[in-house]
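Below is one structure; the comments refer to it alone.
All values below come from the heavy atoms of this structure, side chains included, with hydrogens, waters and symmetry mates left out.
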Amino acid sequence: TEDIHKMASIAIDDEEVEGGLLKAPSLWLYGKRMPWLVILVFVNLLSGAVISNYEELISQHAYLVVFLPLLIASGGNTGSQSTTLVIRAMAVGDVGKADWFKVVVKEIGVSFLLGVTMAIAIAGIGYYRGMSNEIEGVATALALTVAFSMIFVVLFGGILGAILPFLFRFFKLDPATASAPLITSICDAAGVLIYFNVANLMLDFPG
């Protein structure tokens with residue numbers, strides 16, 4: 001129960017409320033959920049700060065924004081899956097501190113395959129979207145942009161999800177604190193940065 005709560009960024013201590021969720025006082029539940037959510041608000045501000053650095057690119061190629069939520073969500077979802085698998089493996093004793101490199105290498109391979117598969121799926125949508133803009137060369141460039149971005153974003157999410165539990169354990173913190181909301185927030189900012197940098201390169205690609 002404690003691990004599940006921590007993975008959802010809900011503060012836990014030894015205090016128990018008899019009767020479970022339905023009988024727990026609302027203010028008590030508020031106090032358990034509020035701290036991490038406030039912290040994550042400031043982490044999520046990084047995404048906005050990164051986006052603001054690419055205002056000129058977005059103004060010239062507004063169609064890029066269509067794929068942004070999909071890409072950053074894919075990175076966060078991959079990272080959440082990865083960290084959940086690692087935390088579970090730690091909890092049952094399948095992996096220890098010394099296994100971090102093997103875990104990361106395995107996750108790189110898995111995430112790359114996942115990224116390529118998802119890139120193939122999204123590339124076709126990107127090409128169609130580029131064709132609908134009726135701008136010469138956009139279809140190919142946009143398809144490549146979203147495809148490569150997907151691979152890099154999913155790779156980042158998977159690797160981050162695998163590494164964070166080991167980092168928390170190294171600093172003698174509960175690995176479950178490397179929660180899905182934290183992973184998602186970091187992946188959002190990184191995903192924005194990856195996507196717009198790839199777009200900067202690929203939109204100059206000859207059509």
Specify the closest pair of heavy atoms between [X] and [Y], including all atoms of both residues, with the distance to one decimal.
| X | Y | value |
| --- | --- | --- |
| Leu57 | Ala199 | CD2-CB, 4.1 Å |
| Ala123 | Ala143 | O-CB, 3.5 Å |
| Ile151 | Ala119 | CG1-CB, 3.8 Å |
| Gly161 | Ser82 | C-OG, 3.4 Å |
| Gly126 | Leu142 | O-CD2, 3.4 Å |
| Ser47 | Val192 | O-CG1, 4.3 Å |

task = With side-chain contact (heavy atoms from CB on, under 4.5 Å) as the test, would you mind laying out the steps for Val65 and Ile58 before giving the verdict?
result = CA-CA 7 Å; Val65 178; Ile58 294 171; 3.7 Å; yes

Neighbour count above 12 (heavy atom, 6.0 Å) for Gln60 CD = yes

query = More than 12 non-hydrogen atoms from neighbouring residues, nucleotides or ligands closer than 6.0 Å to CZ on Phe166, yes or no?
reply =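 Enclosed: over 12 neighbouring heavy atoms sit under 6.0 Å from CZ of Phe166.
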
Joint cluster assignment, Val104 & Leu85, ILVMFWY side-chain distance < 4.5 Å = no

Non-hydrogen side-chain atoms of Asn197 and Leu201 separated by less than 4.5 Å = no

message = Do Ile122 and Leu70 have side chains that approach each other closer than 4.5 Å (heavy atoms only, starting at C-beta)?
response = yes

inquiry  = Evaluate Thr145 against Phe67 for side-chain contact (heavy atoms from CB on, under 4.5 Å), listing each step before the verdict.
reply    = CA-CA 10 Å; Thr145 295; Phe67 296 94; over 6 Å; no

Inter-residue atom distance [X].[atom1] - [Y].[atom2], 0.5 Å rounding:
| X | Y | atom1 | atom2 | result |
| --- | --- | --- | --- | --- |
| Phe168 | Thr83 | CZ | OG1 | 8.5 Å |
| Leu27 | Met34 | CG | CE | 10.5 Å |
| Gln81 | Ile183 | CD | CD1 | 12.0 Å |
| Leu182 | Ile186 | CG | CD1 | 4.0 Å |
| Met202 | Thr140 | CE | OG1 | 9.5 Å |
| Leu155 | Thr78 | CG | OG1 | 9.0 Å |

query = Can you list every side-chain hydrogen bond (donor to acceptor under 3.5 Å, both in side chains) pair that touches residues 182-195, not counting sequence neighbours?
reply = Asn44-Ser185

ask   = Taking only residues two or more places apart in sequence, or in another chain, which ones meet Phe152 in a ring-ring contact (aromatic ring centres under 6.0 Å, His included)?
value = none

query = Quick one: ring-ring contact (aromatic ring centres under 6.0 Å, His included) partners of Phe156, sequence neighbours excluded?
reply =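 Counting only residues at least two positions away or on another chain, Phe156 forms no ring-ring contact (aromatic ring centres under 6.0 Å, His included).
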
ask   = Checking Ser149 side chain against Val146 main chain: does a donor-acceptor pair fall under 3.5 Å?
value =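 Looks like no, no N/O pair under 3.5 Å.
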
inquiry  = The criterion is side-chain hydrogen bond (donor to acceptor under 3.5 Å, both in side chains); which residues satisfy it with Asn53, sequence neighbours excluded?
reply    =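 Partners of Asn53 under the side-chain hydrogen bond (donor to acceptor under 3.5 Å, both in side chains) test: none.
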
For residues 91-101, which side-chain donor-acceptor pairs fall under 3.5 Å, sequence neighbours excluded?
residue: Asp99; atom: OD2; partner: Gly96; partner atom: N; Å: 2.8

Atom pairs and distances, donor-acceptor, side-chain atoms in residues 108-116, under 3.5 Å, two or more places apart:
residue: Ser111; atom: OG; partner: Glu107; partner atom: O; Å: 3.0
residue: Ser111; atom: OG; partner: Glu107; partner atom: OE2; Å: 2.6

inquiry  = Cys187 vs Leu160, test: side-chain contact (heavy atoms from CB on, under 4.5 Å). Steps then yes/no.
reply    = CA-CA 8 Å; Cys187 284; Leu160 180 67; 4.0 Å; yes

ask   = Given the rule in the side-chain contact (heavy atoms from CB on, under 4.5 Å) test, do Leu203 and Leu64 qualify, once you have shown the distances and angles that lead to the verdict?
value = CA-CA 10 Å; Leu203 288 177; Leu64 288 172; 3.9 Å; yes

